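What you see is a predicted model, and the numbers here were worked out from it, not measured in a lab.
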Amino acid sequence: MLVVEDVSKVYGDFVALKGVSFTVERGEVVGLIGENGAGKSTTIRIVVGLLRPTSGRVEYDGLELFENLKTVRRRIGYVPEVDSLYEDMKALDYLKFFADVYGVDVDYGRRIMEMLGVPNKRIAELSKGMKRKLSIARSLVHDPDYLIYDEPMGGLDPSTSLFIAEFIKKLRDKAVLFSAHNLYYVEFVCDKVVIMKGGRVLYYGDIEELRGLQRYVVRYRLDGREEEFVTEDVKELNEMLKGILTDGGEIISVESSARRLEDVYFSLIGRSPS
C-alpha cells in the first residue's frame, strides 16, 4: 500500500502543499484532480521521490520512501507529464536500455509495447500519442507494483486518450495513481479520487459514494406559473412538496439522479464550469 501521510511542502513563504493524506492499495486506481496550481504535480513529484516534503511521510508497504529510495524506486513505474525520450533510439532499443538498467529481460516490455501498438521505429518519427504509449511501456518494463502517472492522457487526441484510459483500467494487479484534468477519464477509470485545491485535499474517497448523493428536481405549478426546485436534502424536499400542496400548487414531476463527478468537483472547488 502507498501511504501519503500529512505531507506538506513549503517554499519560503509559499505553502505548496499542506497536510495532504491519502492511500493507494493494490488493485486500486486513484485519480488526483484539481485546477492548475492545486498541488497535483508537486504531490506526484514527492510520491516518486523527486522532491522531498517539508514534513510528513510517504511509505510503500511500510518502507519510508526517502529512507529507502533506491529500493522503493525499483517498485515504481513513473510517467511524467512531458515525455522525455531518447529521440535517436528505436523504440525497442529504448526499452532494452531501461530493462538493462533494472537488470530484467526486455521481453515483458516488448509485449507491452506490442499490446500498446507502438511500432519499432526511431522515436523521433513517432507521433505524440505513440511516444506517450512508449513512456507507459517503459514504466512497466520492470513489472513494478506501483504506477504513478502525471497527466497520462494530457494533450492527446480523444481516441488515443481513451485507449490509454482503457489500458490503465485493466492494470488491476498494480496500485495506480494518476493526475488528470479531464474528469471524464477519471470517472471512467478510477475507483477513488483525491480532489485538491490550494495545496489541500478537499475530498478523498470512493467516487461512487461521492456521486451517490441524490439530486432531486421538482417541477411544480403555483399561481399559474411553472417553477423548478432542486435539492439534495430529503427533509428539504419533503417540506417543499408539502408547502407547494398547502399553497394550492400542483406537483408536475419529481426526478432524482446521482450527480456526475464534474458536478461534484465544481461544487467542492467553489465555482461553475466555464
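- Annotation: side chain of Val58 is in contact with side chain of Val7 (closest heavy-atom distance under 4.5 Å).
- Atom CZ of Arg73 is surrounded by more than 12 heavy atoms from other residues, nucleotides or ligands within 6.0 Å.
- Contact check on Lys96 versus Asp93 returns no salt bridge, with no Lys/Arg side-chain nitrogen under 4.0 Å from an Asp/Glu carboxylate oxygen.
- Contact annotation: the side chain of Leu126 never approaches that of Lys90 to less than 4.5 Å [non-hydrogen atoms, C-beta and beyond].
- One side chain, Asp61 or Tyr146, offers a donor N or O that lies under 3.5 Å from an acceptor on the other.
- Judged purely by atom type and a 3.5 angstrom limit, Arg219 has no side-chain atom pairing as donor or acceptor with the backbone of Glu228.
- The minimum heavy-atom distance linking Val141 with Tyr102 is given by the pair CG1-CD1, 4.3 Å.
- In this structure a side-chain-to-backbone donor-acceptor pair under 3.5 Å is present from Lys9 to Arg52.
- Remark: of the listed residues Val230, Leu237, Thr231, Leu237 is the sole one forming a side chain to side chain contact (heavy atoms under 4.5 Å, CB included) with Val218.
- With Met1 as the partner, the side chain to side chain contact (heavy atoms under 4.5 Å, CB included) test is satisfied by one option alone out of Glu28, Glu59, Glu25, Arg26: Glu25.
- A donor-acceptor pair is defined here as one N or O able to donate and one able to accept, closer than 3.5 Å; such a pair exists between the side chain of His142 and the backbone of Ile76.
- The aromatic rings of Tyr86 and Phe97 sit perpendicular, their planes meeting at an angle over 60°, well past the 30° parallel limit.
- Between Glu35 and Lys197 there is no salt bridge, since none of the side-chain N atoms of the basic residue sits less than 4.0 Å from a carboxylate O of the acidic one.
- Using a 3.5 Å distance cut-off with no hydrogens or angles, the side chains of Asp150 and Ser179 do pair a donor with an acceptor.
- In this structure, the side chains of Val189 and Phe178 come closer than 4.5 Å at one or more pairs of heavy atoms.
- Judged by distance alone, with hydrogens and angles left aside, the side-chain atoms of Ser8 form a donor-acceptor pair with the main-chain N or O of Gly19 at under 3.5 Å.
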**Item:** Derivation of the salt bridge (Lys or Arg N to Asp or Glu O under 4.0 Å) call for Lys131 and Glu87
**Value:** CA-CA 10 Å; Lys131 288 178 179 178; Glu87 299 274 321; 3.3 Å; yes
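- Residues Leu32 and Ile44 have side chains in contact (heavy-atom distance under 4.5 Å, counting atoms from C-beta outward).
- With respect to Arg138 and Asp83, no salt bridge is recorded, no charged nitrogen being found less than 4.0 Å from a carboxylate O.
- The aromatic ring centroids of Phe98 and Tyr94 lie less than 6.0 Å from each other.
- Classification of Asp145 and Arg74 as a salt-bridged pair fails, no side-chain N sitting under 4.0 Å from a carboxylate O.
- Contact of the Phe22 side chain with the Leu177 side chain is registered, since non-hydrogen atoms from C-beta on lie closer than 4.5 Å.
- With hydrogens and angles disregarded, no donor-acceptor distance shorter than 3.5 Å links the side chain of Lys133 to the backbone of Gly117.
- Between the side chain of Ser21 and the main chain of Asp6, a donor-acceptor pair closer than 3.5 Å is present.
- Between Ser135 and Leu85 the shortest heavy-atom distance is OG-CD2, 3.5 Å.
- Glu151 and Arg132 are not joined by a salt bridge, as no carboxylate oxygen comes within less than 4.0 angstrom of a charged side-chain nitrogen.
- Note on Ile195 and Val20: separate hydrophobic clusters, where clusters join Ile, Leu, Val, Met, Phe, Trp and Tyr whose side-chain heavy atoms are under 4.5 Å apart, directly or indirectly.
- A salt bridge links Arg122 with Asp88; the closest basic N to acidic carboxylate O contact falls under 4.0 Å.
- With Asn182 contributing its side chain and Tyr184 its backbone, the two residues share a donor-acceptor pair below 3.5 Å.
- Residues Arg111 and Met115 have side chains not in contact (no heavy-atom distance under 4.5 Å, counting atoms from C-beta outward).
- Taking OG from Ser159 and CD1 from Ile164, the interatomic distance works out to 9.5 Å, rounded to the nearest 0.5 Å.
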